[in-house]
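Report on the following structure.
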Amino acid sequence: MDNFEFHHKSTQSNDYINVIEKHKNELEEFKKYANYLTEKAGKATKNSQKASSYMRSLVRLIIGYETLYGDNIDTLHSFDTYKKLMKITEIERFKEFNKNTNHFYSATFGCFLSYLTYLNSENEEMVDLELNKNTPDKEKSDLIINEEIGSKSIKRKEKRLIQNTYFYPRNYKESLEAKKKSNWVCEFDKSHKTFINESDGKPHVEAHHLIPMAAQGLYENSIDFSGNIICLCPTCHRRIHHSINEDKKVMLKYFYNKRRNIYKKMDIDIDVNELYKMYGILK
Ligand SMILES: [Zn+2]
Ligand SMILES: [Zn+2]
């Protein structure tokens with residue numbers, strides 16, 4: 001392990017070519033996504049150079065990991081792969097190397113985390129929609145469970161297979177608990193008016209997982225607990241999903257600071273920069 005040198009492994013080397021061949025499609029997808037993010041962040045300038053650099057750095061991280069740990073990376077589309085590659089960041093010589101690249105490798109990890117969360121987000125947001133609906137879709141409602149609430153960290157639930165796709169289930173009681181705590185008003189701004197919901201006669205607020213369920217795979221412990229659920233009016237809910245980065249960051253920072261101690265208590269290790277990445281914000 002000690003002999004591995006971190007350097008800009010040549011794109012002509014066998015190691016490099018092998019990784020490219022093995023993960024061709026996934027790397028292409030990653031590059032496309034990186035391109036989308038960097039263009040969005042770079043205020044409309046074409047930035048495909050940067051996306052290619054992210055991809056090359058990711059390939060070099062895979063080579064580094066496989067060489068250092070004698071283990072093979074089978075797929076890129078997995079939080080387990082992210083966690084494996086992250087082991088490299090604990091190595092002193094890597095820290096030095098990363099510093100010399102102006103932390104480009106840290107940025108690559110950030111982009112990779114963004115990408116993995118993005119891959120799950122469409123599916124997981126469908127379940128969130130069910131959670132907030134009065135008349136759940138029959139198939140999807142199987143993903144809504146009702147268990148007693150504890151205040152200690154618990155292991156994450158198994159994914160469930162529905163219509164050929166895996167989803168994490170949601171505990172309805174946790175979202176109800178979050179709504180109770182919020183007193184059925186928008187947590188971003190208490191003055192936001194909604195309407196009375198016919199299903200429960202309460203003001204309508206929507207449950208949103210601050211650490212998105214799309215990132216559940218990153219954690220061994222469940223992130224489906226009331227402390228991770230914020231209650232928002234419909235406008236603020238759309239805003240945290242779809243607004244420009246500047247606005248998203250204001251919301252994320254505000255809610256993160258309110259919840260950071262709960263995350264500690266629930267054994268969920270996250271800093272605000274990681275949270276930004278999960279929302280597609282690179283910096
Ligand atoms: Zn949401
Ligand atoms: Zn609101």
Query raised in the report: Sequence neighbours excluded, which residues qualify as ring-ring contact (aromatic ring centres under 6.0 Å, His included) partners of Tyr166?
Result: none

Query raised in the report: Residues in ring-ring contact (aromatic ring centres under 6.0 Å, His included) with Tyr118, at least two apart?
Result: Tyr33

Can you name the residues that form a side chain to side chain donor-acceptor pair (under 3.5 Å) with [X], not counting sequence neighbours?
X: Asn257; value: Arg260
X: Lys264; value: none
X: Ser106; value: Asn98
X: Lys265; value: none

Listed once per pair and sorted, the salt bridge (charged side-chain N to carboxylate O under 4.0 Å, His left out) pairs that draw on [range], sequence neighbours left out:
range: residues 64-77; value: Asp71-Lys84
range: residues 153-164; value: Glu147-Lys157, Lys155-Glu220
range: residues 166-177; value: Glu124-Arg170, Asp128-Arg170, Glu148-Lys173
range: residues 184-195; value: Glu187-Arg259

Query raised in the report: Is the number of heavy atoms from other residues, nucleotides or ligands under 6.0 Å of Lys202 NZ greater than 12?
Result: no

Donor-acceptor pairs under 3.5 angstrom involving side-chain atoms of residues 275-283: please list them, not counting sequence neighbours.
from: Lys277; atom 1: NZ; to: Asn273; atom 2: O; distance (Å): 3.4
from: Lys277; atom 1: NZ; to: Leu282; atom 2: O; distance (Å): 3.2
from: Tyr279; atom 1: OH; to: His208; atom 2: NE2; distance (Å): 2.8
from: Tyr279; atom 1: OH; to: Leu210; atom 2: O; distance (Å): 2.6

Query raised in the report: Is there any side chain to side chain donor-acceptor pair (under 3.5 Å) pair reaching into residues 222-232, and which pairs are they, with sequence neighbours excluded?
Result: Lys181-Ser226, His209-Asp224, Asn228-Tyr263

